[in-house]
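I have placed the structure first, in the form of structure tokens, so that the comments after it can refer back to it.
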Amino acid sequence: MIENKKIYFASDVHLGAPALRNNREREKLFVRWLDQVKDDAETIYLMGDIFDFWFEYKRAVPRGFTRVLGKIAEITDSGIPVHFFTGNHDIWVFDYLPTEIGVIVHRDIVKTEIKGKKFFLGHGDGLGPFDKNYKLLKKIFTSRFLQWSFARIHPNLSIWLAHKWSGHSRLRDGKVEADSFRGIDKEWLILFAKDELKKEHFDYFVFGHRHWPSNVDLNGKSRYINTGDWVTHFTYAVFDGEKMELKEYYKPKINH
């Protein structure tokens with residue numbers, strides 16, 4: 001039995017992104033990482049946008065991702081909890097992943113205690129008084145009527161439409177959400193975290209979404225962690241009960 005098990009965090013793999021040409025390689029790489037961390041993992045948190053698009057019909061799910069789905073199922077079957085946060089790209093996760101794969105799905109932020117430390121967890125999209133255009137889109141995408149209407153479209157057409165939409169995202173040509181770190185006084189999620197600290201103490205704020213790996217001291221007692229991505233940086237965060245580290249797994253020489 002392994003003592004001092006660890007908590008792992010990863011996000012923004014964007015599996016199946018039509019704008020990227022290395023989806024198979026990235027999936028295999030992510031599966032390899034999952035296979036390695038399961039040996040000493042207490043819990044794994046997938047912080048959103050694992051899939052570039054996901055929509056579950058009543059009797060069908062998107063084609064592909066069999067390697068990563070199988071590996072996650074193996075991990076949850078072994079008794080290791082896997083928490084899955086919906087992101088802005090895979091917001092339409094319903095009951096298939098929790099029922100068939102065994103993940104614990106979160107559709108909003110989570111405030112929790114891990115190994116005696118207070119954590120504020122979320123994908124990071126739509127937090128704070130920023131990104132008003134996306135907040136409007138999120139209200140539309142979470143509409144039950146829209147979801148019902150979208151489900152009436154044949155999967156061949158609906159998934160094609162979704163990929164066309166994704167093709168206009170910042171992933172086009174290998175670009176990601178963040179071209180660079182904007183600075184502590186300009187990063188929306190850092191400003192959001194600092195505002196939250198005025199109301200309640202947290203030891204760690206952990207987000208994805210921005211695609212820019214960050215480990216930032218907020219006030220000497222709290223830290224902002226962004227897990228980065230598996231498009232450009234191939235990074236993840238790990239907490240051992242004493243400290244949180246941001247690590248790069250492996251960066252293969254593959255083209256976007």
How about Val206 and Met244: do any of their side-chain heavy atoms sit closer than 4.5 Å? yes

Any side-chain heavy atom of Val105 within less than 4.5 Å of one from Arg107? yes

Stepwise salt bridge (charged side-chain N to carboxylate O under 4.0 Å, His left out) check, Glu74 with Lys71: CA-CA 5 Å; Glu74 175 192 328; Lys71 181 55 62 176; 2.9 Å; yes

Verify whether one side chain among His123 and Asn88 offers a donor that lies under 3.5 Å from an acceptor in the other. yes

Heavy-atom check, side chain of His211 versus side chain of Thr232, under 4.5 Å: no

By side chain to side chain contact (heavy atoms under 4.5 Å, CB included), which residues pair with Asp195, not counting sequence neighbours? Lys198

With sequence neighbours excluded, tell me which residues meet ring-ring contact (aromatic ring centres under 6.0 Å, His included) with Phe239. Phe119, Tyr204

Between the side chains of Asp229 and Tyr236, is a donor N or O closer than 3.5 angstrom to an acceptor N or O? no

In this structure, is the centre-to-centre distance between the rings of Tyr45 and Phe9 below 6.0 Å? yes

Cation over ring face, Lys118 and Phe202, 6.0 Å, 45°: yes

Residues Asp12 and Ile50: closest non-hydrogen pair is N-CD1, 4.4 Å

Compute whether any side-chain donor of one residue and acceptor of the other, for His106 and His83, lie under 3.5 angstrom apart. yes

